[in-house]
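We name chains A, B, ... by the order of the sequence lines, and we start the count at 1 in each one. The figures here come from the full heavy-atom set of this structure, side chains too, leaving out hydrogens, waters and symmetry mates.
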Amino acid sequence: MSKELATRFDPRAIEPARYRAWQEGGHFHVPASAVAEGGKEPYVIVIPPPNVTAVLHMGHGLNNTIQDVLIRWRRMQGRASLWIPGTDHAGIATQNVVERRLAAQGKHRTDLGREAFVAEVWDFVHHTGGSILEQLKAIGSSCDWERTRFTLDDDLSRAVREVFVRLYEKGLVYRGEYIINWCPRCHTALSNEEAEPTETEGRMWDLRYPLAPEACEAAATAAAMGATALSRLDDGRWTLTVSTTRPETMLGDTGVAVHPEDERYQALVGAMVELPLTGRRIPIVADAYVDPEFGSGMVKVTPAHDPNDFEIAQRTGIAVMDVMTPDGRMAENAPERFRGMERFEARAAVLAAFAELGLAAGEKVHVHAVPQCYRCHTVVEPRLSLQWFVRMKPLAEPALQASRDGTITFTPDRWKKVYEHWMENIRDWCISRQLWWGHRIPVWYCGCGEVIAVREDPTACPKCGSAALERDPDVLDTWFSSWLWPFSVLGWPEETEDLKAFYPGHTMVTAPEILFFWVARMIMAGYEFRGEAPFTQVYLHGTVRDAKGRKMSKSLGNGIDPLHVVHEFGADAMRYTLVSQCAIGTDILLDHEDVEGSFAAGRNFSNKIWNAGRFALMSLGDGPVKPLAEVRGAMELEDRWILARLEHAVAASTQDLERFRLHEVAEDLYHFFWGEICDWYLELVKARLAPGADAASREAARTTLVLALDGAFRLLHPIMPFITAELWSRLPWPEGELRPQDLIVAPWPTLDPTLGDPEAEALMGALQELIVEVRRLRKEYGIGEGVRITIHVHAPDPAVAATVAEQGAALERLARVGRVSTEPSGAGIGAHAVLKSGIELFLPLEGVIDVERERTRLAGEIAKLDAQLASTEKKLANESFVSRAPAEVVDKEREKAAGLREQAAKLGEKLDALQGVAS
RNA sequence: GGUCGCUUAGCUCAGCUGGUAGAGCACCACGUUCACAUCGUGGGGGUCGCAGGUUCAAGUCCUGCAGCGACCACCA
C-alpha cells in the first residue's frame, strides 16, 4: 500500500475525495437531537454570510479557515460542533450588479418596473448566486450544508417582518424627516456606517452676504464691538462673511447663526440678510451650536443639507428649504439660472456669480473627510428626507453591559473599548433604503392618515375601513436582516428545537470593519429578541494585504484567488500559511506577484508531512502495533522523549486554541513535527525499524512512532485536515484498541501523565547538544562526511555520562562519530568545547585532518587578514583621510578594522589549538 | 480634534504572567547510498525607535519625545 504514495505530495489526488467522504459520512451535520438531554455540549458558529453574488477571495479564505479550525477542534473535543452557512442578499451591492448588466443592454431598472426588476435579480441570484459556498468546500470548510440559509428565504423574511413590527409597536421604530446620507447615484439613503469619510483636499470659500439696508445701524454697532465678519462694500452696503466648503448649498440657506453669548454680534440678532442670487431675505439667529472662536463666528445655515443646520432650524424655527433633487441637481425652487444644474456645476456657477457681484471674499485649501457611498464612492449628499429609523439607545443598554461585565469578550481586547465607545454614543439607525432588492418595509398608508405596520398584509384600514392602502415603496437596510442571523437561521420566531439546542452560539469570527455594521447590532438583537447575547466570544482577525500593505481588491488587481492556491498547492498549504501568519490583531501579507513564494511555508510543510508519513508507513509495515503497555519496558530514550514532547505539544496547542492564538498553534506544531519528529525521532529510530533489528526494540519503536504520529495528526488536523486524515487513515493501529472511524471525529488529545518524562527530555537535550556541537566542529575543520572520528567526552553528571555511553549508535548515525572515549582527553592537538549540559568535549584532530595543512591554511588566512588590517589601519592613521572623508566612511573603515581584528583573533585561537598548546 | 495601537535581524513579524533576544523568508558554505533538494547540515546577521525612571534584573512595567498607522468626530 505504501508503494502508492508518491514522493511529492499531490493534494489534488486526495482532497476532493476526502471532502466527499466527510460529507457523505454526515460528519458536518449536527441535528438538534445531538444536544438533547444527556447529549453533547454544543459549540456553534454562524458564518458571516458572504454576499450572494460574491466570488471567493483571500479574505473569505482567511475568515473561513479560522472558523473551520475552531469548528474542527471543538468537534474533536466531542462537542456538537455546528457551523451554519449561508449568504446575504446584499441590497445595494446586488442591485448594482444587476443594474450594470441591464445597462450593458441599454436598459434601466425603471424600464422593467419594480416587479420585473426584482424577478430579474432573483433570476441572477438563482443562476450565479451562492457559488461562493461551493468554493468554501474546496478550502475544507466543514459547514452543516443542510442548514444553508439565505437572508431572503421565506422564514428569514418572516423574522425580519416580526422584528420590524415588534419594534414599531414598542415605539422603537419610527419614521421621520431627518438629514440622512444620500447617494445621488444609487438614489438611496445610507446609514452613517455606509457613508465612508474619505480624506479629500477641497477648498473652503468665503462668501459675503449683504445685510438688509435697515440693519445698517445695528451693523455699525456690531462693527464697533469687533464683529470681524462685517465689512463695507465700496457702495457703502454692509456685508457679513461666511465660509463654506459647499457653496451651492447657499441657495438653500434660510438663516445665518451666531453664538447667543457672542457680544460682537448681539446687535445683529434678528436683523435680516439679503441672500445673494435668490432675492430672499433670511434672518440672523442665535444658536449655541456656533463656535465663536472658529472663523468669523458667523455660520450660514442650510437646514435641508446639513445635519447641524437642521438642528439649528429645529431650535430656532427658521425655514427648511430643500434645493436639490434626488440625483443631486438643483431643484425647481432654485433660481432659474441654476435649476437642473448638477451640484458640482452649480458650485462653480454660484462662485462665478459671487465673483461677478464682488461678493467673493477668497478661498483656501481645506483638507477634510468627505463622505462617500461605500458601494459606488459617489460623494454623499446630506439631504433632508423622510426615512424609517430604529431608536438605538434602549437596545444598546444590555449590549453595552455585556461587554462591560465580560459576558462578551473581544479578541484582540482593544476592540472592547472601541465597541463600548460606539455603544455609548450610539445614534439612531436609518433603516429604509430606496431600493427594490431587499425586504420590503411592512408598512401601509391609508388616505385617512393611518400608518399600518403589520405581520400579515392588510386588506383594509383598521381605522376607516378603506381598502385603498398604499404600501411603503422602500426596502430595509441589508443589515436589518443580518443582525438577526444568529437566531433567524435557527427558525426564530418559531420556538424551534434548533433554537433551543443551538442558541446562544459561541464564537463570532469576523473582520473589525463590520464591528458596528454587524457585530454590535447582532448583540443588540440577541438581547432584545432572545434575552441573551448571540455569542460570547468575538474574534476579530486582520485584513489580507499585498506585499506593499495595500488591501487586496479587485480594482487594484492585487488579489490572489484561493481556488488557484488550492489547485496548485492544496487547501492544507493555504490554510497553514494563513493560520501561521494569523497573530492576534495583525494583518496577513501575501504577495500577488509571487504566489508560490507566499504559500511556500504551507506547501513545504505539507510536503514534509507527506514524506515523513510515507517513510513511517513504509517502515512500520502493515501489521498492527503492540499496545503501549506491552512495549514500555523495551522503550529507548528517544521513545520516551518524543512522547514527552507530544505531551508538550498537546498542552500548548490546546491552550493556544482556547485563547485564539492560532499562529502559535501553527508554529508549535510545525516545530514539533518538523524539528522533533522528523529531524530527531525519525533519524534516531531508522535503524531500529529496519528489518533484522532487535524485535523488542523494533516493536517499541513501532508503537511509539504510531502514537507520536497519531498525536501529531490529531493536533494538526484542524489546520491541515486533508493530509492528516489521509495519512492517519493508513497508520497501523495498536492491537485491541478501538480506532475512530475518521480523524475528523477522533478525540482531541488530552494530557497523559504517564507520558511526561522530564528526565528523558533532559538527557535527550544533552545528547542533541553534543551531536550539534560535533557536527559544528566537523564543518569548522572541514572533516568530510566519510571520515569517522573519535571524541572524548567527560560528563560530570553520571546520568548524562551513561547516556552518552549508551547512545553510540545515535552519535554514529547523526554525527558520524566512530568511537566515544570517556578517558580524559589530555593535551593534544584538537578542538575543545564545554557544553551547557556540562559535557566537556575534545575532538582530536591529529590523523583526522592534515594538521600541517590546516595550520598552513590558517596561518595563510591570518596573514591575509593581517595584511588587510594593516592597510585599513594605515588609512585610519592618515590624518587627512580621517579629517576630510565623510564621517560615515571613516566609521565604516573603523568597523571594518574591528571586524578584521575579531576574525584574526578567532583564527588565532584555532591555530593555537592545532599547535597542541593546552588552553 | 479625540481615542487606540505600532516601532525587535535585509524583509514580514512572534516574544502571552519582567529572568541568557526568536521564527519564516532571504543570504553564505558544504552535501544527492539515506522518506523528503518543496530536502539535509552548519553559518553570518539585532546597542529590541529615542531619552529618562521603577527593579537584583526591562524588548517586556511607568513617564516624556519622535515617526507610522487605525478607528471615531458636525467644526461651518
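A:T586 places none of its side-chain heavy atoms less than 4.5 Å from the side chain of A:H663.
The phosphate of B:rC30 (OP1 or OP2) has no side-chain N or O of A:R778 nearer than 4.0 angstrom. For A:R545, no side-chain nitrogen or oxygen approaches OP1 or OP2 of B:rU12 to under 4.0 Å.
More than 12 heavy atoms of other residues, nucleotides or ligands sit less than 6.0 Å from atom NE2 of A:H368. At most 12 non-hydrogen atoms from other residues, nucleotides or ligands lie less than 6.0 angstrom from NE2 of A:H421.
Base pairing of B:rA73: no nucleotide in any strand meets the Watson-Crick or G-U wobble criterion (both distances under 3.5 Å). Of the nucleotides present, B:rG40 is the one that pairs with B:rC30 by Watson-Crick or G-U wobble criteria, both distances under 3.5 Å.
With both ends at atom P, the span from B:rG15 to B:rC68 equals 25 Å, rounded to whole Å.
Nearer to the 5' terminus of RNA chain B, by closest-nucleotide assignment, is the contact made by A:A583 (compared with the other of A:A583 and A:R816).
With salt bridges taken as basic N to acidic carboxylate O contacts below 4.0 Å, one links A:R404 and A:E424.
Looking at A:R775, its side chain has no donor and acceptor atom pair within 3.5 Å of the base of B:rU41.
B:rA37 atom P lies 8 Å from atom CG of A:N607, rounded to whole Å.
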